[in-house]
Every structure is written in C-alpha cells, then in structure tokens.
Amino acid sequence: MCTVVVRVPEPDGGPVRLLAVRDEDPARPWRPLGPWWPEHPGVRGVRDDLAGGAWLAADDKRLAVLLNRAGGADVPLPTSRGSLPLDAVAGRPLPRPLTTLGFNLVTTAPGWASVASWEGGVPRITDLGPGTHMIAHEDVDDPATPRIAAWLERFAEAPTDGPGPWWEGWLDVLAESASRLSPTDDRAIIRDNRPHGYPTLSLLVAVASVSPGGVAVSTATLDEPGAWNDLRLPRRDG
C-alpha cells in the first residue's frame with residue numbers, strides 16, 4: 001500500500017525527482033537507509049530485516065523502490081520481493097519464472113524511469129514519459145486509485161526547483177493531504193491500512209534525485225506510524 005511520486009524531466013532537462021512513502025507493519029523489523037548488503041558493494045537502501053531484502057535500494061547510478069500489489073505466483077511459499085530492488089539497481093532483469101507475490105517495481109536512472117508491474121502472467125513494463133506520475137498498488141497514474149485521483153494533479157503543480165530543498169513543495173502536498181483526510185480514508189497518502197484488512201501504516205518518507213552526477217537519497221521516519229509530522233530531511237547534493 002506504499003505510494004511513489006516520480007517526476008521525469010524533458011530530455012536534458014535536469015534530474016529525475018522521486019518521493020516515496022513506505023507503508024509497513026510497525027512490528028516488522030527493518031533498518032533505515034544504509035549499506036546493509038556486503039554482497040552488493042556500493043548499494044545502500046532501506047532493509048527489511050525479516051527477509052533480508054530491500055524496500056528501496058540505490059547506488060550511484062540507479063534507484064529502485066518496491067510497492068506491493070495483488071496477485072502473483074500461485075505457489076505454496078512465495079519468495080520474498082525484497083530482492084527485486086537490489087536486482088534492478090544491479091541492472092539485472094526480472095527473474096524467470098517469478099515466484100513472488102504481485103508488485104510494482106519503480107526503477108530510475110538519469111533521464112528516465114520505468115515501472116515493472118506483475119500480478120501473474122507476463123510482467124508489464126511501463127516507461128514513464130516526461131511529467132509527474134504517481135504509483136500505488138494498481139497501475140501507474142490509475143484514476144481508479146483514490147489517492148492518485150485526489151493528489152496527482154497537486155503533485156504535478158508543486159515545484160521541485162525552488163531556492164530551498166527541492167522536495168519542499170511535495171512535502172507540502174503530503175502535509176495538506178494529512179490535514180484534510182483521516183489516515184483511514186481511501187484517498188490518504190499518510191495511511192493507516194488496518195481498517196482495509198492490512199496491518200500496515202505509513203512509517204517512512206524518502207526523497208531522491210537521480211542525475212548523471214549520482215543518486216542523492218534522504219529519508220525521515222514519522223514520529224508515530226500513520227500520523228504526519230513536520231519532517232527534517234537532510235539535504236544532500238542533487
């Protein structure tokens with residue numbers, strides 16, 4: 001039930017910008033942004049300690065972030081989806097056959113972004129054109145997803161090139177969404193998914209800038225799961 005916003009520039013128009021909100025069971029152990037995978041030198045990310053994989057992973061050229069969706073492999077014990085962002089950052093294709101549950105996998109590199117979507121059958125790859133896009137647990141920019149219908153236009157209008165940290169406009173949209181909506185509302189971005197049958201709440205916000213000069217990622221944990229507070233995101237180059 002996570003949410004990702006991506007702004008893809010026009011050719012030679014600047015960095016790719018990304019904002020991601022992680023929804024997860026607060027009782028599931030995890031580690032913040034760091035170099036947790038010695039078998040993947042140069043990769044840092046947000047680690048799921050239970051399965052050992054990543055929600056978000058990045059090196060100096062690419063970034064990938066994982067969102068769950070319905071469907072997936074019809075096997076007794078599906079494998080973890082957490083290896084997919086690590087593979088994407090390394091430039092490896094999706095495994096064949098896929099034995100995970102369904103997913104949307106967002107991958108970015110300088111000048112482009114794509115989403116690999118799978119809910120069974122053949123995976124679909126959507127290359128994202130210039131502009132602002134929003135992804136949750138269904139298709140990219142899907143107006144049938146209430147939070148996309150409610151907030152995509154606001155994210156598209158918000159600047160990401162002001163004199164302050166580039167993400168300030170997008171955080172303002174998050175703050176607006178949280179002030180107007182209960183976290184249990186289908187349109188909410190900062191979420192409490194328990195009434196919808198899932199044990200997950202919004203825990204973490206990440207922002208990233210992807211350019212030929214590298215990948216700059218900053219993260220901040222919410223003070224209380226599922227509840228918005230003003231965030232202090234460390235500013236990095238990009």
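No hydrogens, no waters, no symmetry mates; every other heavy atom, side chains included, goes into these values.
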Does D186 reach the main-chain N or O of P146 with its side chain, forming a donor-acceptor pair under 3.5 Å? no
Taking every non-hydrogen atom, the tightest pair across E119 and A70: CB-O, 3.2 Å
Quick check: do L201 and P183 have side-chain heavy atoms less than 4.5 Å from each other? no
Side chain to side chain contact (heavy atoms under 4.5 Å, CB included) evaluation trace for F103 with L98: CA-CA 11 Å; F103 60 83; L98 280 162; 4.0 Å; yes
Could you give the distance from OG1 (T200) to CG (D25), rounded to the nearest 0.5 Å? 7.5 Å
Should Y198 and L66 be regarded as members of a common hydrophobic cluster, given that ILVMFWY residues are connected when their side-chain heavy atoms come within less than 4.5 Å of each other, either directly or indirectly? no
Side chains of T160 and T132, heavy atoms from C-beta outward: is any pair under 4.5 Å? no
Using the rule that Ile, Leu, Val, Met, Phe, Trp and Tyr join whenever any side-chain heavy atoms are under 4.5 Å apart, tell me whether W151 and W170 fall into a single cluster. yes
Is there a donor-acceptor pair under 3.5 Å between the side chain of W118 and the backbone N or O of A73? no
Evaluate the criterion side chain to side chain contact (heavy atoms under 4.5 Å, CB included) for residue pair V173 and E157; output intermediate values, then yes/no. CA-CA 10 Å; V173 177; E157 293 169 348; over 6 Å; no
Side chain to side chain contact (heavy atoms under 4.5 Å, CB included) between W112 and V16: does it pass, once the steps are laid out? CA-CA 7 Å; W112 68 267; V16 176; over 6 Å; no
Note: V8 and G111 closest approach over all heavy atoms is CG1-O, 4.0 Å
Rounded to the nearest 0.5 angstrom, the CE-CG distance for M134 and D142 is 11.5 Å
Aromatic W36 / basic R31 pairing, under 6.0 angstrom, 45° off normal: yes
With clusters defined by side-chain heavy atoms of hydrophobic residues (ILVMFWY) lying less than 4.5 Å apart, directly or transitively, does L105 cluster with V210? no
Give me the atom names and distance for the closest heavy-atom approach of S218 to W167. OG-CH2, 4.5 Å
Can you name the closest pair of heavy atoms from V217 and L63 and give their distance? CG2-CD1, 3.7 Å
Please determine if R7 forms a cation-pi arrangement with W166, meaning its NZ or CZ atom is less than 6.0 Å from the six-membered ring centre and no more than 45° off the ring axis. no
As an exercise, state the distance from OG of S114 to CG of D127, rounded to the nearest 0.5 Å. 5.5 Å
Supply the atom-to-atom distance H133 NE2 to L128 CG, rounded to the nearest 0.5 angstrom. 4.5 Å
Just jot down the side-chain hydrogen bond (donor to acceptor under 3.5 Å, both in side chains) partners of D139, sequence neighbours excluded, or say none. R69, R124
Other residues, nucleotides and ligands only: do more than 12 of their heavy atoms fall within 6.0 Å of CZ on R194? no
Is D49 salt-bridged to R47, going by a charged N under 4.0 Å from an acidic O? yes
Can you see which heavy atom on S202 is nearest to which on V21, and at what distance? OG-CG1, 3.8 Å
In short, P95 meets L84 closest at the heavy-atom pair CD-CD2, 3.8 Å
For residues L203 and P26, determine if any side-chain heavy atom of one lies less than 4.5 Å from a side-chain heavy atom of the other. yes
Are V65 and I135 grouped together when hydrophobic residues (ILVMFWY) are joined by side-chain heavy atoms under 4.5 angstrom apart? yes
Please round to the nearest 0.5 Å and tell me the distance separating atom CZ of R22 and atom OG1 of T3. 13.5 Å
N104 and S117: side-chain donor and acceptor closer than 3.5 Å? yes
Pair N68-L101, side chain to side chain contact (heavy atoms under 4.5 Å, CB included): steps then yes or no: CA-CA 8 Å; N68 295 349; L101 297 177; over 6 Å; no
Determine yes or no for a side-chain-to-main-chain donor-acceptor pair under 3.5 angstrom, with R62 supplying the side chain and A90 the backbone. no
Hydrophobic cluster membership, V6 vs V115, 4.5 Å side-chain cutoff: yes
Salt bridge check: are D59 and K61 linked by an N-O gap of less than 4.0 Å? no
Rounded to the nearest 0.5 angstrom, the CZ-CD1 distance for F155 and I189 is 4.0 Å
